[in-house]
Amino acid sequence: MLNKLTIMACAALSMSATVIAETITIATVNNGDMITMKELSGDFEKKNPDIELKWVTLEENILRQRVTTDVATKGGQYDVMTIGTYEVPIWAKQGWLQELDNLGASYDMDDLLPAIKDGLSVNKNLFAAPFYGESSMVMYRTDLIKKAGLDMPKAPSWDFILKAAEAMTDKNAGIYGICLRGKAGWGENIALITAMSNSFGARWFDENWKPQFDTKEWHDTLQYYVNIMNKYGPPGSSANGFNENLALFQTGKCGMWIDATVAGAFVTNEKDSEVADKVGFALAPDNGLGKRGNWLWAWTLAIPSSSKKSDAAMKFISWATSKEYSALVASKKGWAKVPPGTRASLYNNSEYMKAAPFAQITLDSIQSADPVNPTVKPVPYVGVQFVAIPEFQGIGTAVGQQFAAALTGQMTVKQSLQSSQRLVERAMRKARYPK
Amino acid sequence: MATTNSRSLARLMLIPSVSLLLIWMLVPLCMTLYFSFLDYNLLSPGTEEFIGFLNYEFFLTDPAFFASFFNTLLLVGGVLIITLGGGIGLAILLDQAIWGRNYVRIMVLAPFFVMPTVSALVWKNMLMNPVNGLFAHFANWIGVAPVDFFAQIPLLSIIIIVSWQWLPFAALILLTAIQSLDREQLEAADLDGAGPISKFVYIVLPHLSRAITAVILIETIFLLSIFAEILVTTSGGPGYESTNITYLIYTQSLLQFDVGGGSAGGIVAVIIANIVAIFLMRLIGKNLEG
């Protein structure tokens with residue numbers, strides 16, 4: 001009897017020793033794909049009983065503030081951080097991120113799309129793993145464009161978009177020809193307008209870091225944007241970001257919507273979208289200058305250098321961005337819900353291509369975006385819809401406010417550009433550019 | 001009765017808490033003052049250096065500073081006018097002997113207990129939204145174009161939201177003041193044939209003056225630092241239309257991570273708040289004396 005008890009006690013002790021798990025804290029953004037990751041993370045915990053996951057899910061802007069202050073002050077609150085392509089190269093150069101050099105033998109690094117992988121590497125070393133990648137495209141209502149007597153080309157021009165927006169608008173029926181981001185912010189209206197400006201031949205800075213808002217190209221871009229939005233956009237558009245426009249499109253209020261390619265899965269999902277079977281896709285518009293108005297972005301997982309649990313964090317990142325994770329999502333939620341835009345193998349998968357009518361456009365758009373030469377003229381910075389310098393978060397949002405004021409009519413296009421030029425010049429002078 | 005010994009003992013016992021409070025206030029203030037003279041950006045570590053008054057120069061010559069300064073004054077003034085005017089009206093109404101008065105009072109007070117972020121979200125999405133909001137539906141129903149509140153009248157919209165929250169506070173303070181009014185005075189005025197307006201102007205209003213002063217002082221302190229309502233609804237825009245000083249400092253410190261610039265802004269805000277406080281105390285604070 002005593003023996004039995006001793007054995008049992010020993011067994012219990014040894015078990016409790018293995019159960020003492022390491023807890024890693026993951027900060028992530030409240031986007032649909034991340035919520036799915038959180039839901040499915042039981043699979044990871046089952047495979048790694050020695051690692052426990054603690055989630056901090058936040059809205060994008062708040063997340064950015066939290067993780068930036070945490071990493072800059074070496075707070076060490078998080079072991080895995082969700083950050084974007086904007087932050088990765090800047091933070092990696094500051095020494096704030098750990099290199100992802102141990103993602104496991106089966107990870108298949110070469111499968112990652114080069115456009116995305118390059119944006120997350122410094123000196124060929126990977127500092128963040130892409131969770132999902134995106135570009136931007138035109139989403140349109142096939143029934144409305146047919147009714148308007150038009151045919152959407154695969155690669156439309158901005159002139160065609162204007163014509164189509166006019167033809168599709170029926171304000172009495174509550175249908176607006178075009179929905180675009182109007183909410184001020186570097187990740188909101190600035191992302192759209194900067195990508196758009198590239199196709200108009202505009203750029204944020206010349207080679208000497210002089211702001212370029214006083215040029216004709218910027219005037220043309222903003223004038224076009226304000227004009228099309230005021231004539232054919234929905235009311236209250238200066239408050240609309242990605243989520244607001246998604247809701248408008250899903251409820252049949254938009255003829256066209258130019259935004260992130262990840263939206264493809266949401267607008268064609270019959271459960272959420274009233275227009276799921278009437279959506280067509282096209283490449284982002286151009287102006288015949290050789291650059292399209294599409295951007296390049298990826299939400300990625302990275303480990304701050306302050307984390308002391310990098311092995312466990314690395315295991316988690318490897319799981320969340322692997323092919324096996326894609327297969328897991330496909331088995332539980334269906335192929336269309338798989339995080340897109342990061343792996344070539346996904347686009348070679350016939351099941352995915354069949355389930356996701358937006359897949360080919362997504363791939364083409366991602367591959368055509370060039371962060372090093374984003375616009376017609378040369379630039380001293382990297383980034384398609386942003387400028388990869390630390391100051392951009394501040395000036396991007398401030399300029400976004402000036403553009404929003406032009407959209408709502410508090411300023412003319414000219415005044416808004418003058419004001420943007422002044423404020424960016426001031427900020428660059430204070431930050432002592434060129435560095 | 002306090003003896004010399006017990007008084008010194010009291011002083012001795014107060015020292016820890018007083019010094020703790022002092023440190024609590026002084027340390028952040030001194031650090032802010034120190035940072036305000038540095039070129040200190042969280043995103044460019046290791047480059048901190050002393051730059052004198054450059055942060056102040058940039059902050060005070062920023063076009064956003066003038067806009068936000070006037071917006072701050074408009075915001076405080078606008079909310080004060082609405083809450084005082086509405087508060088006096090409500091207080092008089094709530095003072096009447098109506099059926100279910102206690103329930104009405106609780107309902108009128110309710111907005112004060114709602115968190116600013118929650119109330120701003122409700123106003124933004126359910127009431128003032130130009131497509132799905134209640135006001136837009138009402139406008140459509142009576143056949144006029146809906147107002148796009150946060151685009152067309154951003155500052156006024158924020159004033160309305162903040163007033164809605166602070167109105168119950170003003171009403172409550174003023175109601176208690178009205179209730180302390182000697183009823184015999186009003187009866188005497190009635191006998192002398194005074195109308196309701198003269199009774200209000202010559203009896204009620206002078207009686208309320210101290211309560212009004214208290215409302216103005218307390219509200220001003222809080223209204224100078226309105227933040228959540230702006231962050232949730234307009235983010236200070238469009239342009240600088242609804243940026244106040246607090247929001248401007250937030251953009252410097254947490255959007256640009258410019259600790260130096262944000263600290264300079266913070267010190268400027270402290271100075272402005274003190275000027276306003278001194279001005280208020282001089283102008284109306286004497287009501288509280290005696």
Side-chain angles (χ1 to χ4, degrees), chain A residues 61-62 64-65 68-69 71-74 87 90-91 94-96 174 176 182-186 188 234-240 244 247-248 251 253 389-398 400-411 415-416 419 422-423 426-427 429-432 435, chain B residues 39-47 49 51 54-55 57-59 61-64 67 124-125 128-133 136 139-140 145-155 231 233-243 247-248 250-262:
Chain A
N61 289 331
I62 309 292
R64 195 164 271 132
Q65 280 164 21
T68 310
T69 29
V71 81
T73 56
K74 301 192 172 45
E87 285 93 356
I90 300 174
W91 289 15
Q94 310 270 34
W96 288 350
Y176 302 92
K183 191 194 265 181
W186 75 267
E188 295 282 3
S237 53
S238 65
N240 291 349
E244 290 80 3
L248 285 170
T251 48
K253 292 197 162 75
I389 54 171
E391 290 77 14
F392 186 71
Q393 301 196 51
I395 55 176
T397 301
Q401 284 293 5
Q402 305 308 310
F403 289 177
L407 178 63
T408 55
Q410 262 110 353
M411 281 186 189
Q415 284 168 337
S416 140
S419 172
R422 238 191 345 257
L423 81 88
R426 274 173 60 88
R429 209 169 60 234
K430 193 174 180 204
R432 284 174 274 182
K435 278 183 175 166
Chain B
D39 173 23
Y40 181 9
N41 191 309
L42 268 191
L43 298 175
S44 317
T47 57
E49 56 176 294
I51 50 165
L54 196 69
N55 282 324
E57 196 188 312
F58 265 93
F59 189 80
T61 55
D62 195 330
K124 181 190 178 190
N125 296 323
M128 287 176 161
N129 186 302
V131 180
N132 301 316
N140 287 330
V147 181
D148 186 356
F149 286 91
F150 297 114
Q152 290 166 359
I153 42 166
L155 191 63
L231 179 77
T233 54
T234 61
S235 298
Y240 305 124
E241 295 282 324
S242 58
T243 303
Y247 194 83
L248 185 67
Y250 159 78
T251 59
Q252 299 246 331
S253 319
L254 277 163
L255 291 181
Q256 305 177 20
F257 296 102
D258 180 357
V259 180

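Proteins get letters first, then strands, A, B, ... in listed order; numbering begins at 1 in each.
- Residues A/L423 and B/Y240 come closest through the heavy atom pair CD2-OH, 3.6 Å.
- Only the side chain of B/P154 comes within less than 4.5 Å of a heavy atom of chain A; its backbone N, CA, C and O stay farther away.
- With chain A as partner, the option from B/P63, B/A151, B/G236, B/G237 having the largest number of non-hydrogen pairs under 4.5 angstrom is B/A151.
- In this structure, A/E391 and B/D258 have side chains that are not in contact, with every pair of non-hydrogen atoms separated by 4.5 Å or more.
- Contact check for B/T251 versus A/T397: no side-chain heavy atoms found under the 4.5 Å cut-off.
- Residue contact with chain A, scored on non-hydrogen atoms closer than 4.5 Å, is absent for B/N129.
- Taking CG of B/N125 as the reference point, atom CD of A/E244 lies at 8.0 Å (rounded to 0.5 Å).
- Using a 4.5 Å cut-off between heavy atoms, B/D39 contacts chain A through its side chain alone, with no backbone atom that close.
- With a threshold of 4.5 angstrom between heavy atoms, A/W186 does not approach chain B through any atom at all.
- Looking only at side-chain heavy atoms (C-beta outward), B/T61 and A/R426 come within less than 4.5 Å of each other.
- Ionic pairing of A/R432 and B/E49 is present here: one or more N-O contacts between side-chain nitrogen and carboxylate oxygen are shorter than 4.0 angstrom.
- Side-chain contact between B/V131 and A/Y176 is absent, with no heavy-atom pair separated by less than 4.5 Å.
- One distance of note links NZ of A/K430 with CG of B/N55; it measures 4.0 Å at 0.5 Å rounding.
- Using a 4.5 Å cut-off between heavy atoms, B/F257 touches chain A through its side chain atoms alone.
- Between B/P130 and A/G236 the shortest heavy-atom distance is CG-CA, 3.5 Å.
- Residue A/I90: no heavy atom, backbone or side chain, is found under 4.5 Å from chain B.
- When atom types are taken as modelled, the side chain of B/D148 and the backbone of A/P235 share no donor-acceptor pair closer than 3.5 angstrom.
- Between the side chains of A/Q65 and B/Y250, a donor-acceptor pair is found at a separation under 3.5 Å.
- Side chains of B/T243 and A/Q401 form no contact here, defined as non-hydrogen atoms less than 4.5 Å apart.
- Interface check for chain A: of the options B/N132, B/T234, B/D62, the most heavy-atom pairs under 4.5 Å are formed by B/D62.
- Nearest heavy-atom pair, B/L255 versus A/Q393, reported as atom, atom and distance to 0.1 Å: O-CB, 3.4 Å.
- For a residue to count as touching a neighbouring chain, one of its non-hydrogen atoms must lie under 4.5 Å from one of that chain's; by this rule B/S235 touches chain A with backbone and side chain alike.
- Contact of the A/T68 side chain with the B/L43 side chain is registered, since non-hydrogen atoms from C-beta on lie closer than 4.5 Å.
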